[in-house]
Amino acid sequence: MKKSKKPQPASSAIIERDGRYLLVLRSKPPSDAMYAFPGGRGEDGETPAETALRELHEETGIRAEKPMLFATYDLPGREEGPGSPSFFLSVFKVKADPLATAVASDDAASVGWYSADEIAHMPAPDSVRECVARLEAERAKRSA
C-alpha cells in the first residue's frame with residue numbers, strides 16, 4: 001500500500017507592470033532552471049499570504065502588500081519517494097511600489113520582467129502559464 005504524502009504549503013506572488021510579469025529563475029529544486037513567480041515554502045505559523053510576501057521580499061528585495069488570492073494548485077512531487085515533496089501552492093496578486101527595483105537573491109539565480117508572449121517560450125511551470133493566461137484574459141476584458 002502506498003502512503004500518501006501531506007502536501008507542504010507554498011505560496012507565490014504576482015506583480016504585473018505594464019503588461020509584464022516579475023519572474024525569477026529558480027536555482028534550487030523542485031523548479032530549478034525554470035522561471036516562476038517569486039515564492040516558496042511556508043514556515044511554521046505563517047499564513048499563505050504572509051509566505052507570499054516574505055518570499056517575494058527574500059527573492060527580489062521588493063516589499064509588497066494587499067495580497068489577494070488568485071489561484072491554488074495541488075502540485076504532486078516530481079517522482080515517487082520520500083525525496084520528492086508535494087505542495088499546496090497559493091498564488092497571490094500583490095501591490096508593490098511601481099518604482100521598486102527587483103534584485104535576485106536567496107534562491108533566485110536571476111530576476112526579470114516578461115510579457116505573456118515571452119513567458120510562453122520560456123521554461124516555466126504549468127501553474128505560471130495558467131495564471132498568466134488568466135491575467136491576460138482579465139486585461140483583455142478590461143480593455144474591451
Side-chain angles (χ1 to χ4, degrees), residues 1-96 100 102-144:
M1 178 186 269
K2 194 163 112 180
K3 283 187 176 180
S4 64
K5 293 186 268 184
K6 181 178 178 187
Q8 296 180 20
S11 297
S12 59
I14 298 171
I15 299 179
E16 182 265 332
R17 286 186 187 164
D18 301 319
R20 300 179 81 75
Y21 301 93
L22 180 64
L23 299 182
V24 299
L25 176 60
R26 298 250 167 253
S27 65
K28 296 180 182 174
S31 297
D32 50 319
M34 295 185 87
Y35 289 86
F37 299 121
R41 298 173 195 218
E43 294 181 353
D44 287 341
E46 194 172 53
T47 68
E50 290 167 339
T51 299
L53 296 175
R54 175 183 54 76
E55 286 285 343
L56 172 67
H57 183 253
E58 287 176 3
E59 293 182 356
T60 70
I62 293 178
R63 290 202 184 273
E65 60 184 11
K66 299 183 181 172
M68 293 177 42
L69 185 62
F70 182 70
T72 58
Y73 296 91
D74 281 313
L75 303 175
R78 287 188 174 181
E79 304 166 0
E80 292 299 319
S84 183
S86 60
F87 294 94
F88 183 78
L89 176 66
S90 300
V91 183
F92 292 86
K93 290 179 13 180
V94 300
K95 302 285 183 196
V103 177
S105 59
D106 196 35
D107 66 346
S110 66
V111 61
W113 297 90
Y114 302 96
S115 69
D117 288 339
E118 290 169 323
I119 294 167
H121 297 94
M122 298 164 64
D126 291 340
S127 59
V128 170
R129 294 182 195 291
E130 184 181 303
C131 284
V132 169
R134 283 182 53 201
L135 290 161
E136 288 296 298
E138 286 180 7
R139 282 169 29 91
K141 228 186 248 188
R142 285 193 306 266
S143 312

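Values below: every heavy atom of this structure, side chains too, minus hydrogens, waters and symmetry copies. Please read these numbers as outputs of a predicted model, since none were measured by experiment.
The side-chain heavy atoms of Val128 and Met122, taken from C-beta on, include no pair separated by under 4.5 Å. Annotation: side chain of Pro125 is in contact with side chain of Met34 (closest heavy-atom distance under 4.5 Å). Residues Ser127 and Leu89 form a side-chain contact, since some pair of their non-hydrogen atoms from C-beta on lies under 4.5 Å apart. Residues Tyr35 and Pro123 have side chains in contact (heavy-atom distance under 4.5 Å, counting atoms from C-beta outward).
Panel note: side chain Thr60, backbone Ala102; no donor-acceptor pair is recorded below 3.5 Å.
Once rounded to the nearest 0.5 Å, the distance linking CG of Leu22 with OG of Ser12 reads 11.0 Å. Here the CE-CZ distance, from Met68 to Phe92, works out to 11.0 Å after rounding to the nearest 0.5 Å.
Contact detail for Ile62 and Leu56: the closest heavy-atom pair is O-CG, 3.6 Å. Scanning all heavy atoms of the two residues, the minimum distance from Ala71 to Arg134 falls at CB-NH1, 3.5 Å. For the residue pair Asp74 and Pro76, the shortest heavy atom distance occurs at O-CD, 3.5 Å. Scanning both residues, Leu135 and Lys93, for their nearest heavy atoms gives CD2-CD, 3.7 Å.
A search for side-chain hydrogen bond (donor to acceptor under 3.5 Å, both in side chains) contacts involving Tyr21 returns Glu136, not counting sequence neighbours. Here Glu59 pairs with Arg26 under the salt bridge (charged side-chain N to carboxylate O under 4.0 Å, His left out) rule; sequence neighbours left out. Remark: Glu46 pairs with Thr51, Arg54 by the side-chain hydrogen bond (donor to acceptor under 3.5 Å, both in side chains) rule, at least two apart or across chains. With sequence neighbours left out, the salt bridge (charged side-chain N to carboxylate O under 4.0 Å, His left out) criterion links Glu16 to Arg139.
Evaluation of the ring-ring contact (aromatic ring centres under 6.0 Å, His included) test over residues 56-75, restricted to residues two or more places apart or in two chains, returns none.
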For residues 104-117, run the donor-acceptor check on the side chains, cut-off 3.5 Å, and write out each pair with its distance to 0.1 Å, sequence neighbours left out.
{"from": "Ser105", "atom 1": "OG", "to": "Glu58", "atom 2": "O", "distance (Å)": "2.6"}
{"from": "Ser115", "atom 1": "OG", "to": "Glu118", "atom 2": "N", "distance (Å)": "3.1"}
{"from": "Ser115", "atom 1": "OG", "to": "Glu118", "atom 2": "OE1", "distance (Å)": "3.4"}

